Every structure is written in structure tokens, then in C-alpha cells.
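This report refers to the structure that appears directly beneath it.
The structure displayed is predicted, hence computed values, not measured ones. The first residue of the sequence shown is numbered 1, and numbering continues consecutively from there.
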Amino acid sequence: MTRDTKATNGNRDPMWASLCRAATLAYALLAVVSLAIALTLAQPAFPDYTDALLFFAAVVFWGVWAVVPTLALLCALGRWRTPRTPRAQSVLLWLLLVCCTGLTGGVGVLLGWIEAPSTVWRAIGIAATLGLGIGWAVAGWQERQALIDAARTAQAAALQARTHPHFLLNSLNVIAGLLPDAPHRAERAIENLAVLLQAALSDPHPWPLAAELDAAQAYLALAQLRYGDRLVLDWQIDCPEAVRSQRVPRWCLVPLIENVVTHGVARRREPTTVSVTLRVTENQLTVRVGNPVAERAQHPTRSDSGFGVGLAAVTRQIVAAGGTVQQVQEAGWHWVTLTLPLDPRNRA
């Protein structure tokens, strides 16, 4: 049984985590250069190009020494303790930007690089104005992201709650029938049911791929006890151990397998193959789940394909995680293909 453990760095605010990336620093420096160009062009005509270049260089130098310490402090604070509310985060960002700008100007005055103290006050005013705009944008982004995360959590919780109650009751009946003559098989069935229930009842946040595969195998093991030879499993998993710790949307595989079993195996008397394949190629995880379609179904219905219920919710989860979901019919089979990008930073 694979337990879902929370990594200490896995729950960091995404906005604060992004402040520590090189791309954020590059964007900030690009913004400084753009602001310096705008201020240079807004000035009255310079006597010659040398004065214009010196003014441009001074603004860039000042901006770099104001922005870089601000980002460094925000990154350090984000690793230590993040303000709880978006408004508090915005105020902190504004204060750090204004203070770093003022300190940079003060050092310039002391060293004689800046002759007029009024220049420092103008720079502080510009920083304060920009800080207000940036803070307002960050607060809005944070609040919107919180709403999106809450919606995703509620959606994942609703998807987990869809585990077929009749399947659980039938599993208990099968286990009860195994107890007199096959206690060891009954014990394994109880363990599989415990894995499945733990996955269904735990919090709906992303968890390791290994845990999702364990839940899928537990479901299939219980289904095989019930349907016996009618369920033929084609389980092909080619996944390195390092990738098994990759966090994926919880309950993204089990609903698809449940639909295959419920609408494919349960409604037929002949043996029916359930195919589950997983491959890792070029930093991408690809999962295919499929079942054969009845020959009479020229236009497959939801029950024939086995992918009606839960597919929409799974699709929203996968797309929100940056992946894709495709449903195709090939050579009498229905397939659903899930793809997810692999990020080493998103591991348990």
C-alpha cells in the first residue's frame, strides 16, 4: 500500500515559488529596461546622445538595484513564511519595492552619484506607483487562483464520490463468500478494498502516480474476483521508479477503468479485455485505457464505449494540470488517451 505523503515544498504558494526562478528575474530586468527607455524618451531633448545614454544607464542601474534585492527578499520570505492573504502579500511587495528604491537612492546620494535629493523622491514616487499597480494585479491573480483551486478541489472530491456503491457492496459479498473456503484470497481482497476506500475517502489533492496505480490495481483485483474469467486484463505499465513519485490529479485513472468494467465487462457474457497501458517518453506521461466495442454498435453509445460517466470530470482535471485527453475508436476498440507533462519539481 502506498501512502500519500505531503511534501513540505509541494504546498508552497505558486506565485511565491515563481519568484525564485530565473525566468522571473529575466522578466523583471526586461521591465526595468523598458521603463528606462520610456523615461529617457519622456525627458526633454538632451544636448547629445552621450547624456541620453548616461541617463538611460543610470535609470537601469537604479532599477536593477531596486528590483533584484526586492525579488531576493520576496523569495527568501516565501521559503520561510508566506503572508496569508493576497492583500497582505501585495502590501509586503509594495513596501519592499519602495524601501529598496529609497535605500538605493540614499546610497547614491551618499556616494555622490546622485546630486539632487529630489531625484530620489521622484524615483520613490515612481516605485510607489508601480508597486501599487503590481500589488493590485498580484492580489487579483492570487484571489482568482484561490477560486480556481477551490473549484478543482470540489470537482475532484465529487469525482471521488462517484465510486459505484453497488460495486463496493458486491465486493463485500464476494469477500464474504470467499471466507469459508479461501480465507487467504479473502484477506487479499480486504486489503485491496482498504486501498480503494483509502483513496476514495482521502483528500482530493494531487498525489503520486504510484498511489493512483495502486488504487487502479486494487479496483481491478476486486473486479476480477467478481467477474472471474469474463474479465481479461491487459496491464502494460512501463514506468521508471523516478516517475512513480510524480504527482498527478487524484482519481484520474480509476473512473475510466470503472466505466470499462461497468459498461463493458458487466454487460457481456463473453470474456472482455480491459487494456491499460502506460508509457513515459520525452518528459511526458501517456496512459491509454480501452475496451472492445460490440460488433452491433456501428455508432457506439456511452454504455458501449464505457467512457461516458466521469470522462468529462477527468478531462477537466487533466487539462487543468497541463495535459490532454483524447477519445478514439480503432479497429473495434474504444480508447481514451491521457497525456500529462512531467515536471521534476512536482514530485512527492
Side-chain angles (χ1 to χ4, degrees), residues 1-6 156-239 241 244-245 248-278 287-292 303 306-310 313-314 336 348:
M1 184 184 302
T2 302
R3 297 184 181 274
D4 181 21
T5 58
K6 293 184 178 180
L159 183 61
Q160 286 180 232
R162 290 184 180 182
T163 302
H164 208 297
H166 295 296
F167 177 84
L168 298 178
L169 293 176
N170 289 331
S171 298
L172 291 174
N173 290 332
V174 171
I175 293 172
L178 290 173
L179 285 174
D181 302 323
H184 295 293
R185 294 181 62 192
E187 182 179 357
R188 288 195 298 271
I190 292 173
E191 292 175 353
N192 288 325
L193 185 59
V195 171
L196 194 63
L197 289 176
Q198 183 188 33
L201 299 176
S202 55
D203 68 88
H205 294 92
W207 66 348
L209 173 62
E212 184 72 23
L213 292 175
D214 287 345
Q217 286 182 303
Y219 184 93
L220 287 168
L222 291 171
Q224 283 185 314
L225 283 178
R226 180 184 176 189
Y227 297 107
D229 295 338
R230 291 166 56 192
L231 194 162
V232 181
L233 178 60
D234 180 19
W235 180 268
Q236 300 181 34
I237 304 298
D238 183 11
C239 181
E241 288 298 326
R244 290 177 178 266
S245 62
V248 299
R250 187 184 297 259
W251 223 242
C252 63
L253 182 57
V254 175
L256 303 182
I257 296 177
E258 180 190 10
N259 282 338
V260 170
V261 173
T262 302
H263 302 289
V265 179
R267 298 188 179 186
R268 300 177 186 176
R269 295 299 178 186
E270 67 275 13
T272 302
T273 302
V274 173
S275 178
V276 181
T277 62
L278 185 149
V287 182
R288 299 190 75 197
V289 180
N291 69 300
S303 61
F307 289 120
V309 180
V314 171
V336 166

Legend entry - Side chain proximity check, Arg230 to Thr272, heavy atoms < 4.5 angstrom: no
Inset, instruction - Supply the atom-to-atom distance Ile175 CD1 to Glu187 CD, rounded to the nearest 0.5 angstrom. - result: 11.0 Å
Legend entry - Nearest-0.5 Å distance that lies between atom CG in Leu172 and atom CD1 in Ile190: 9.0 Å
Inset, instruction - Would you give the length of the straight line joining atom CG of Leu193 to atom CZ of Arg188, rounded to the nearest 0.5 angstrom? - result: 15.0 Å
Legend entry - Pair Glu241 + Arg244, salt bridge at N-O below 4.0 Å: yes
Legend entry - Value rounded to 0.5 Å, distance of CG in Asn291 from CG in Asp234: 12.5 Å
Legend entry - Nearest heavy atoms of Ala189 and Leu222, plus distance in Å: O-CD2, 3.5 Å
Inset, instruction - Please confirm whether the backbone N or O of Leu278 pairs with a side-chain atom of Gln236, one donor and one acceptor, at under 3.5 Å? - result: no
Legend entry - Taking every non-hydrogen atom, the tightest pair across Leu220 and Ile257: CD2-CG2, 3.4 Å
Legend entry - Side chain to side chain, Pro292 and Glu270, heavy atoms closer than 4.5 Å: no
Legend entry - Closest non-hydrogen atom pair, Val254 against Glu212: N-OE2, 3.4 Å
Inset, instruction - Kindly say whether Pro271 contributes a backbone atom to a donor-acceptor pair with the side chain of Thr273 at under 3.5 angstrom? - result: no
Legend entry - Closest non-hydrogen atom pair between Ala176 and Pro180, with its separation: O-CD, 3.4 Å
Legend entry - Nearest-0.5 Å distance, CG of residue Leu209 to CH2 of residue Trp207: 10.5 Å
Inset, instruction - Determine, step by step, whether Tyr219 and Val261 satisfy the side-chain contact (heavy atoms from CB on, under 4.5 Å) criterion, reporting the C-alpha distance in whole Å, the side-chain angles of both residues, the deciding distance to 0.1 Å, and the verdict. - result: CA-CA 10 Å; Tyr219 184 93; Val261 173; 4.1 Å; yes
Inset, instruction - Measure the CZ-CG distance between Arg185 and Leu179 for me, rounded to the nearest 0.5 Å. - result: 11.5 Å
Legend entry - Shortest non-hydrogen contact from Ser275 toward Thr277: OG-CG2, 4.0 Å
